[in-house]
Structures are given as structure tokens and as C-alpha cells.
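Everything below concerns the one structure shown next.
So that the names make sense, note that chain A is the first sequence line, chain B the second, and so on, each numbered from 1. Note that the coordinates shown come from a computational prediction; the quantities given were computed from them, not determined experimentally.
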Amino acid sequence: MAQKPKSTRATAPRLGKQLKRSFFDRSVHEVAPDLIGTTFLVNGVGGIIVEVEAYHQGEPAAHSYRGPTPRNQVMFGPPGFSYVYRSYGIHWCVNFVCEGAGTASAVLIRALEPTHGIAAMARRRGLDDVRALCSGPGKLCEALGITIAESELALDRPPLALYARAETPDIVTGVRIGITKAVELPWRYGVKGSKFLSKPFAR
DNA sequence: ATCGCGATTGTCT
DNA sequence: GACAATCGCGATT
């Protein structure tokens, strides 16, 4: 019998060039698709970003929509920093702040393809299934050990790091998930056909 | 495959 | 006091 190809790599792929904070000093609508295919690590643990969503101050689903508060203040600061918030009282979710000059925009990281430190992620998640380790914004924060302690940190300094993609993946777009306002905006981006998404993209 | 539900707490009205 | 950028589980189609 022919062996079916494995869905995960035997070894972690080689990392590309590390991204600087200035990568984020652009429109969130440019940064969000550009993040697809990059590798995000926390203390050396993480994987390839396969799904993100863009949020912008001018749109009511964004935490920054009603202006600065103690929680969202980092969104009003310089680009290239993390913004971590608690979701439904239980989960943590991580964003990357974009653009300077008060646009208060950020990219929510929604799913990773695990590549580095899979054993550590499996231990934190209490799971064996690689496909389920990082297939959602709350899941990936648990897998990478992200809490409020990792909020407002520079994205190009330890413990955080981002690495350029090797190849440009086929990127698909869709409406954002789990929100009740501005539901029609097609600001969700993902790797076409990836098995590591939080939810498939409509087709 | 899809649906409904409970968990749990910071944040804002 | 209402609600939320979620998840995992169990029931049902």
C-alpha cells in the first residue's frame, strides 16, 4: 500500500529574515495580507500565520472605535507592538498594532500552522492533534503561552519574533468571524486550502 | 456537518 | 447590568 503523505513537516522549516517593527508602519489593509505566510514565534515556539483579520478605528467592530481606554491604549500608540485582550472572560487573543498617527488599527492573529516547539504547544493545550493546536485566536495564545503579560511588547524583540515568508501563498479573503457589528467587511485573510484555519473560507 | 449551550471576567454604558 | 474579535462538548440532522 502506498503511504499517504504526512500533513505536517518532519522538521521545522528554516526561518527567513526577521521582520522589523517598521513592517507595521503601513495601512492595516496592506499589513494583514502580508502577514499571511510569515512565522510568529514566542520564545521560539509557534508557526506560520495562516489566518488573520484587520480591525480599524473607523469601523464599529474595532476595540478602538469609541476612542482610547486603558484596555485599548496600545492601539493608539506606535505600530509594531502587541495588543492582547481577554475574550469572553476566558481566552486571550493577540493583535499586531499597525500604522502610526492615531488610526488605531490592528491585525488579529487567528490561526497558525504549528512548526516550532510542537511538543511544548501540545503540552500547554493538553492535545495531541497538531491541526487543533493553533486553529483559533484563543487556541494559539494558549499554545504559545501568550497572556496579558505579553501585551504592549515590541514585535521585533524577545520574547516575540516574526520571520519573512519563503514563498507567497495563495491568499483568500472573507468576512470576519465572531463579531456582530460591521459583519459585511471582507477583512479576513487566509492561506487558500490550509488545514490549520479556525474555519474554512466560503467558496 | 451544523447547532446550542455553558464557562467566566474585564470593560463600558 | 449587559455584553463580548471564543472554545469544547454533546445532541441532532
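Although no hydrogens or angles enter the test, the distance criterion places no donor-acceptor pair under 3.5 Å between the side chain of A:Arg110 and the main chain of A:Arg176. A donor-acceptor pair is defined here as one N or O able to donate and one able to accept, closer than 3.5 Å; such a pair exists between the side chain of A:Arg125 and the backbone of A:Ala132.
Contact annotation for A:Arg71: backbone-only contact, meaning every heavy-atom pair under 4.0 Å involves sugar-phosphate atoms and none involves a base. A:Arg125 comes within contact range of the sugar-phosphate backbone alone, with a heavy-atom separation under 4.0 Å but no base atom that close. Among the atoms of the strands shown, only primed sugar atoms or phosphate atoms (P, OP1, OP2) are found under 4.0 Å from some heavy atom of A:Ile179. Residue contacts shown for A:Ser198 are absent, as no nucleic acid heavy atom lies under 4.0 Å away.
The aromatic rings of A:His56 and A:His29 sit parallel, their planes meeting at an angle under 30°, below the 60° perpendicular limit.
Reading DNA chain B from its 5' end, the first and the last nucleotide to sit under 4.0 Å from a heavy atom of chain A are B:dA7 to B:dT13.
With sequence neighbours excluded, the residues that form a side chain to side chain contact (heavy atoms under 4.5 Å, CB included) with A:Phe201 are A:Val172, A:Arg188, A:Leu197. Under the rule for a side chain to side chain contact (heavy atoms under 4.5 Å, CB included), the partners of A:Val191 that lie at least two apart in sequence or sit in another chain are A:Ile36, A:Val50, A:Pro169, A:Ser194.
Relative to the six-membered ring of A:Phe24, A:Arg21 misses at least one condition, a distance below 6.0 Å or an angle of at most 45° to the axis.
A straight line from CZ of A:Arg188 to C1' of C:dT6 spans 14 Å, rounded to a whole angstrom. Per the geometry, CG belonging to A:Asn95 stands 11 Å off P belonging to C:dT6, to the nearest Å. Atom CD1 of A:Ile90 and atom P of C:dC3 are 17 Å apart (whole Å). If you take CG of A:Leu108 and P of C:dA4, they are 16 Å apart, rounded to a whole angstrom.
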> Would you write out the dot-bracket form of DNA chain C, 5' to 3', with Watson-Crick and G-U pairs under 3.5 Å, [ ] for crossing pairs, | for pairs to other strands and . for unpaired bases?
Replying inline: ||||.|||||||.
> Can you check side chain to side chain contact (heavy atoms under 4.5 Å, CB included) on A:Ile49 and A:Leu162, steps first, answer last?
Replying inline: CA-CA 10 Å; A:Ile49 296 176; A:Leu162 279 156; 4.1 Å; yes
>> Under the criterion salt bridge (charged side-chain N to carboxylate O under 4.0 Å, His left out), I'd like the reasoning laid out for A:Arg124 against A:Glu142: C-alpha separation, chi angles, the key distance, then a yes or no.
In response: CA-CA 7 Å; A:Arg124 288 176 179 141; A:Glu142 183 172 48; over 6 Å; no
> Where do A:Phe23 and A:Asp156 land on the side chain to side chain contact (heavy atoms under 4.5 Å, CB included) test, with the steps shown first?
Replying inline: CA-CA 10 Å; A:Phe23 179 86; A:Asp156 57 2; over 6 Å; no
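Between the base of C:dA5 and the side chain of A:Tyr85 there is a donor-acceptor pair shorter than 3.5 Å.
C:dG8 and B:dG10 have their C1' atoms separated by 22 Å, with the value rounded to a whole Å.
Looking at residues 50-69 of chain A, you'll see A:Tyr55, A:Ala61, A:His63 sit with a heavy atom under 4.0 Å from some atom of DNA chain C.
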In residues 74-84 of chain A, what donor-acceptor pairs under 3.5 Å come from side-chain atoms, sequence neighbours left out?
| residue | atom | partner | partner atom | Å |
| --- | --- | --- | --- | --- |
| A:Ser82 | OG | A:Glu150 | O | 2.6 |
| A:Ser82 | OG | A:Glu152 | N | 3.1 |
| A:Ser82 | OG | A:Leu153 | N | 2.9 |
| A:Ser82 | OG | A:Leu153 | O | 3.4 |
| A:Tyr83 | OH | A:His63 | ND1 | 2.8 |

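Within a 6.0 Å radius of CG in A:Asp129, more than 12 heavy atoms belonging to other residues, nucleotides or ligands are found.
Sequence order on DNA chain C of the closest nucleotides to A:Thr180 and A:Ala132 puts A:Thr180 first from the 5' end.
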